[in-house]
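Below, all heavy atoms of this structure are taken into account, side chains as well, without hydrogens, waters or symmetry copies. Within every chain, numbering begins at 1; the chains are lettered A, B, ... in the order of the sequence lines, protein sequences first and strands thereafter. Model, not experiment: these values are computed from the prediction.
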Number of protein chains: 2
Amino acid sequence: MHAMPMWRQMDPCAAGWRAMTGRGGHGHHHRSGRGGGPWGGGPPFGFPGGPFGRRQRMRRGDVRAALLVLLAEEPRNGYGLMQEIEQRSNGVWRPSPGSVYPALSQLEDEGLVRSEEGEGRKLFHLTDAGRAHVDEHREKLGEPWAAVSGAVDESAFELRDLMWQTGAAAMQVLQAGNEAQVARAREILTETRRSLYRILAEEE
Amino acid sequence: MHAMPMWRQMDPCAAGWRAMTGRGGHGHHHRSGRGGGPWGGGPPFGFPGGPFGRRQRMRRGDVRAALLVLLAEEPRNGYGLMQEIEQRSNGVWRPSPGSVYPALSQLEDEGLVRSEEGEGRKLFHLTDAGRAHVDEHREKLGEPWAAVSGAVDESAFELRDLMWQTGAAAMQVLQAGNEAQVARAREILTETRRSLYRILAEEE
DNA sequence: CGATCGTCAACGATATATCGTTATCGCTAG
DNA sequence: CTAGCGATAACGATATATCGTTGACGATCG
């Protein structure tokens, strides 16, 4: 097994984003070598459940409602349903496979939905009974994704965008910068973090 | 379908991190309403392939080597192999299902590996031939994860940690701060982004 | 030797499914 | 009316698999 020359070094962007994804804290945990809980190195405010908190759940029935309403438009597979909901909610809500597939199964058991296997995917259709059900309850079913998307403050989306762009900028420095420039980026981020916490520490 | 009161608003942390995951830019794209390319709102430096660039690949044979070496230790399932490699590489490399499962299948076809289904999982074992193969090529197989992990500069890990913590701080402000504080966080991040790009713009 | 081409391994996306945990919420008792 | 309980829906993690794209790299040619 040949050694890997420096120009073959792993893209540090991947390393960074991997740690910041939903697997969050994974790499962090291992680097700190601490046991005692998954968020040993987390923020000082004891963020409940970890740095990103525990998201609030949709209400009971929201997943079912969303599936029924979308299937009333056209047949779709499970993955496509998840994607469509995410899109219509502006990225705020993507129902998990753990909720979508059992819900589809249940709707099938109830005779509201039927499935068709083909081409490595499973297409779900409303049955006649399902269509009647949707027609009868159309107003009550509504559009769960709309409610959840509208509930997110505009500033949250903006801050999200900014975090995105800031992360990208840091990655750029890491990729294209020399040692001194990376060190400088480190200082900037350290100061940023401090400033952010200082906001909450200050009386308004 | 009842309206969602403000106290039920979606956790903005989830919204933020969702947008910053590998699905990156998805929500961003839809918010900007631009067609064109997937990174319409990306950084001004035209980051190749998107804000995170395209990661460099492992060499041909690295996935196979890693699988063989780990299976020589003990039988494992596919998912477990991916996790183990990620752990041993300090989060730098997590081989994808797209590479691991075909590689396992191929190793099986070659008679080096056999599989056993049970309890909703598929356990992979080295065969005698596989064990002989590993013993014979042990030095050449090496530990692909070690090479890749060691190739990542210490500063990359540190910057990764800092990005993590900075993101968490921003989330905290968003969750616990009032309108003015969130606006202040926005300013700070805007300045940070500017400062980061300024690093690269400056002559050293 | 350097450049090009062809092959195929690795990647990211697509796709399905289940399990254990936890939050929602209707029902019931006091 | 309020509090507690039980049932279960939604979530995150686990788990497997395939497809289309792209980069690695050996072979061949000039």
* NA contact type, B/G61, heavy-atom cut-off 4.0 Å: base, sugar-phosphate, or nothing? -> sugar-phosphate
* Any A/W93 side-chain nitrogen or oxygen under 4.0 Å from OP1 or OP2 of D/dA10 ->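 Answer no for this pair, as no side-chain N or O of A/W93 is under 4.0 Å from OP1 or OP2.
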* Asked: Under 4.0 Å between a side-chain N/O of B/Y79 and OP1 or OP2 of D/dT16, yes or no?
  -> no
* Asked: So which nucleotide from C/dT24, C/dA10, D/dA17 ends up closest to the side chain of B/M58?
  ->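 For the B/M58 side chain, the nearest candidate turns out to be C/dA10.
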* To do: Name the closest nucleotide to the A/R57 side chain, picking from D/dT14, C/dT24, D/dC25.
  => C/dT24
Basic-acidic side-chain contact under 4.0 Å: [X], [Y]:
X: B/E136; Y: B/R131; value: no
X: A/R186; Y: B/E158; value: yes
X: B/E110; Y: B/R64; value: yes

* At their closest point, which heavy atom of A/L196 faces which heavy atom of B/T166, and how far apart are they? ->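 Smallest heavy-atom distance, with atoms named: CD1-O, 3.7 Å.
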* To do: Taking all heavy atoms of A/S99 and all of A/V63, pick out the closest pair and write down the distance.
  => O-CG1, 4.0 Å
Could you tell me how far apart [X] ([atom1]) and [N] ([atom2]) are, to the nearest whole angstrom?
X: B/R76; N: D/dT16; atom1: CZ; atom2: C1'; result: 18 Å
X: B/E119; N: D/dT16; atom1: CD; atom2: P; result: 12 Å
X: B/Q87; N: D/dA13; atom1: CD; atom2: C1'; result: 16 Å
X: B/R60; N: D/dA27; atom1: CZ; atom2: P; result: 11 Å
X: B/E110; N: C/dC8; atom1: CD; atom2: P; result: 13 Å
X: A/I85; N: D/dC11; atom1: CD1; atom2: C1'; result: 14 Å
X: A/Q83; N: C/dG12; atom1: CD; atom2: C1'; result: 13 Å
X: A/L67; N: C/dT16; atom1: CG; atom2: P; result: 12 Å

* Check: B/Q83/B/R94 side-chain N/O donor and acceptor closer than 3.5 Å ->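 On atom types as modelled, these side chains do not qualify, holding no pair under 3.5 Å.
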* **Interface residues of residues 96-108 of chain A with DNA chain C (non-hydrogen, below 4.0 angstrom)** => A/P97, A/G98, A/Y101, A/P102
* Name all pairs fulfilling the side-chain hydrogen bond (donor to acceptor under 3.5 Å, both in side chains) condition that reach into residues 66-78 of chain A, sequence neighbours left out, sorted by first residue then second. => A/E73-A/R88
